[in-house]
Amino acid sequence: MSELYRLSATELAALISRGDVSSREVVDAHLERIEQVNGRVNAITVVLAESARQAATAADALPVDQRQGPLHGVPFTIKENIDCVGSATTQGIPLMAEALPARDAPVVARMKAAGAIPIGRTNMPEMGLRLSTDNPLRGRTLNPWNAELTAGGSSGGDGVALATGMTPLGLGNDIGGSLRNPAYCNGITSLKPTQGRVPHASCLEPEDAGMAAQAMLVEGPMARSVADLRLALSVLAGRDIRDPVSVDAPLAGPAPSQRRAALVTAIHGSTLPAATIREIERAGRILTAAGWDVEPATPPELGQVTETWGNVLAIDFSVMVPLIRPLITRPLYHQLMEVCRRFDCSNIPNSAVHAERARLGRLWSAFFADYPVVIGPTWACLPWPADADLDPATGAALLEHTVPFITPGTVLGLPSVALPTGVSEGLPTGIQIYADLWREDLCLDVAEIIEAAVERPTPIDPVA
């Protein structure tokens, strides 16, 4: 039973539903795995052992005909900036170490309603503002493939917990790739939904975020299989009154008139890793064999997309960063100010920045009319050393170099799947799959085709 940690959430739910295993056995197997490996990677910050065992016992006591949730008895983890009653929403900063929410976030409430059981809170950088997971409250989360490298951020704790088998499902969020960055660095998969597909809300002040968060922040699932992402999305999606941007929208659309995919193997100003190019090209061959027309193509104005993403962030950062200076460490403060200087748009009206965002969105929608699916890199580089992003001379440039294919999803609100495809020279490799707004189904469909033809690299034991 200790090997239950290797199974996906979908597989575990099926076993529990059939009565082959109990929820308590599943929860205990994951708690045992946490005990074995978390001390080596520091991914889970708070283990909810007692409440998880109580919930599992209660789940097992329910008559079969009352077990209606698709995740009945399956454990999951929650990033520390998402409200979960009974544990603090710390945001990774000491001042909020005891910030206990009075109400679950919508995504947590929906997971619980589906029968899932919170088993732990996961680590993140200070206020989610880095692509590396470290903070003065909880410390650094280590990449299980190479402890010297970043584990990604800001949902790095969940990325590592999934990669090492401590959880089958995780909840994170994304405004600068925070669901996709850890997926790439750790060899797991994640879904960044369309803006508004999955509700975001907190009961802790400040309840209302700035324009960047309103325009770009999304909640989403992280897992080790595409089937788990699809199941989680069906649980998480839909309108919630606490998030006025959230909507009810169909989870699937019509089949594209032509099954055509664009491959992005070159980005102006970047030199993609050879392993990344190989995996993108291999994905193309897999899709071709499945009956898709696949060809190289360049999406519209990638450089301007990243510039606009940085400008949207800088509008908020220029006001927010001085206010939060007492809450964050000095290196992070200086890095954020450098980002503001790099994307200085003080001479550009805010309305012009958002008009540019709308223009780029129209161009990409037209591109998707020709290519319903776009496959490219997640990061434009290999995972870099932890804290390289904080280097005062090169950190801001490193971030910009890392994310040129992350930013379309954030600033344009597009759905995407980050998919692991194997291992090269001791590190996981992967691709990213984009589709047009509200077409998560296309991302997931294509991801499942590719996933079936490649080897899943996780779960793993942390490298010594």
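Here the structure is a predicted model, which means the values were calculated and not measured. Just so it is clear, the values below take in all heavy atoms, side chains as well, and ignore hydrogens, waters and symmetry mates.
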With a 3.5 Å cut-off and no angle check, do the side chains of [X] and [Y] form a donor-acceptor pair?
X      : Y      : result
Ser178 : Ser155 : no
Tyr371 : Glu295 : yes
Arg121 : Ser87  : yes
Thr429 : Thr421 : yes
Thr122 : Asp158 : yes
Ser23  : Asp60  : no
Thr276 : Trp379 : no

Salt bridge between [X] and [Y], side-chain N to carboxylate O under 4.0 Å?
X      : Y      : result
Asp228 : Arg224 : no
Asp83  : Arg103 : no
Asp293 : Arg259 : no
Arg230 : Glu440 : no
Arg278 : Glu281 : no

Tell me if the [atom1] atom of [X] is crowded by more than 12 foreign heavy atoms within 6.0 Å.
X      : atom1 : result
Gln258 : CD    : yes
Ile241 : CD1   : no
Gln66  : CD    : yes
Glu207 : CD    : yes

Taking side chain as C-beta onward, heavy atoms only, is [X] less than 4.5 Å from [Y]?
X      : Y      : answer
Val373 : Cys443 : no
Pro377 : Gln432 : no
His30  : Leu12  : yes
Val454 : Arg282 : yes
Ser416 : Ile433 : no
Ser8   : Pro168 : no
Asn173 : Lys79  : yes
Arg53  : Leu31  : yes

Would you check, one step at a time, whether the test side-chain hydrogen bond (donor to acceptor under 3.5 Å, both in side chains) holds for Arg357 with Thr308?
CA-CA 6 Å; Arg357 177 170 169 259; Thr308 303; over 6 Å; no
Hits for side chain to side chain donor-acceptor pair (under 3.5 Å) against Arg110, two or more places apart or cross-chain, chain-then-number order -> none
Judged by atom type as modelled, is there a donor-acceptor pair below 3.5 Å linking the side chain of [X] to the main-chain atoms of [Y]?
X      : Y      : answer
Asp441 : Gly253 : yes
Asn181 : Gly152 : no
Lys192 : Leu414 : yes
Asp20  : Leu15  : no

If you compare all heavy atoms of [X] against all heavy atoms of [Y], which two are closest, and at what distance to 0.1 Å?
X      : Y      : result
Leu236 : Val107 : CD2-O, 3.6 Å
Ala213 : Asp316 : N-OD2, 4.2 Å
Val226 : Ala447 : CG2-CB, 3.8 Å
Pro70  : Leu231 : CB-CD1, 3.8 Å
Ser132 : Thr150 : OG-OG1, 3.2 Å
Leu129 : Leu332 : O-CD1, 3.8 Å

Stepwise, does the side chain to side chain contact (heavy atoms under 4.5 Å, CB included) test hold for Thr378 with Leu419?
CA-CA 9 Å; Thr378 308; Leu419 181 72; over 6 Å; no
In this structure, is the centre-to-centre distance between the rings of Phe368 and Tyr434 below 6.0 Å?
no
Interatomic distance, [X] atom [atom1] to [Y] atom [atom2] [nearest 0.5 angstrom]:
X      : Y      : atom1 : atom2 : value
Leu217 : Gln195 : CG    : CD    : 7.0 Å
Asn42  : Arg138 : CG    : CZ    : 9.0 Å
Leu162 : Asn186 : CG    : CG    : 9.0 Å
Leu412 : Thr407 : CG    : OG1   : 8.0 Å
Ile93  : Met124 : CD1   : CE    : 9.0 Å
Asp389 : Thr402 : CG    : OG1   : 8.5 Å

Assess the residue pair Leu131 and Trp384 against the criterion (side chain to side chain contact (heavy atoms under 4.5 Å, CB included)); give the C-alpha distance rounded to whole Å, side-chain angles, the decisive distance to 0.1 Å, and a yes or no.
CA-CA 10 Å; Leu131 273 63; Trp384 25 260; 3.9 Å; yes
Only one of Asn123, Thr45, Thr90 forms a side chain to side chain donor-acceptor pair (under 3.5 Å) with Asn135, so which one is it?
Asn123
Just do the side chain to side chain contact (heavy atoms under 4.5 Å, CB included) check on Ser202 and Arg242 with the steps written out, would you?
CA-CA 8 Å; Ser202 175; Arg242 297 169 63 194; 5.5 Å; no
If you apply the rule side chain to side chain contact (heavy atoms under 4.5 Å, CB included), what do you find for Val21 with Val26, and how did you get there?
CA-CA 7 Å; Val21 298; Val26 170; 3.8 Å; yes
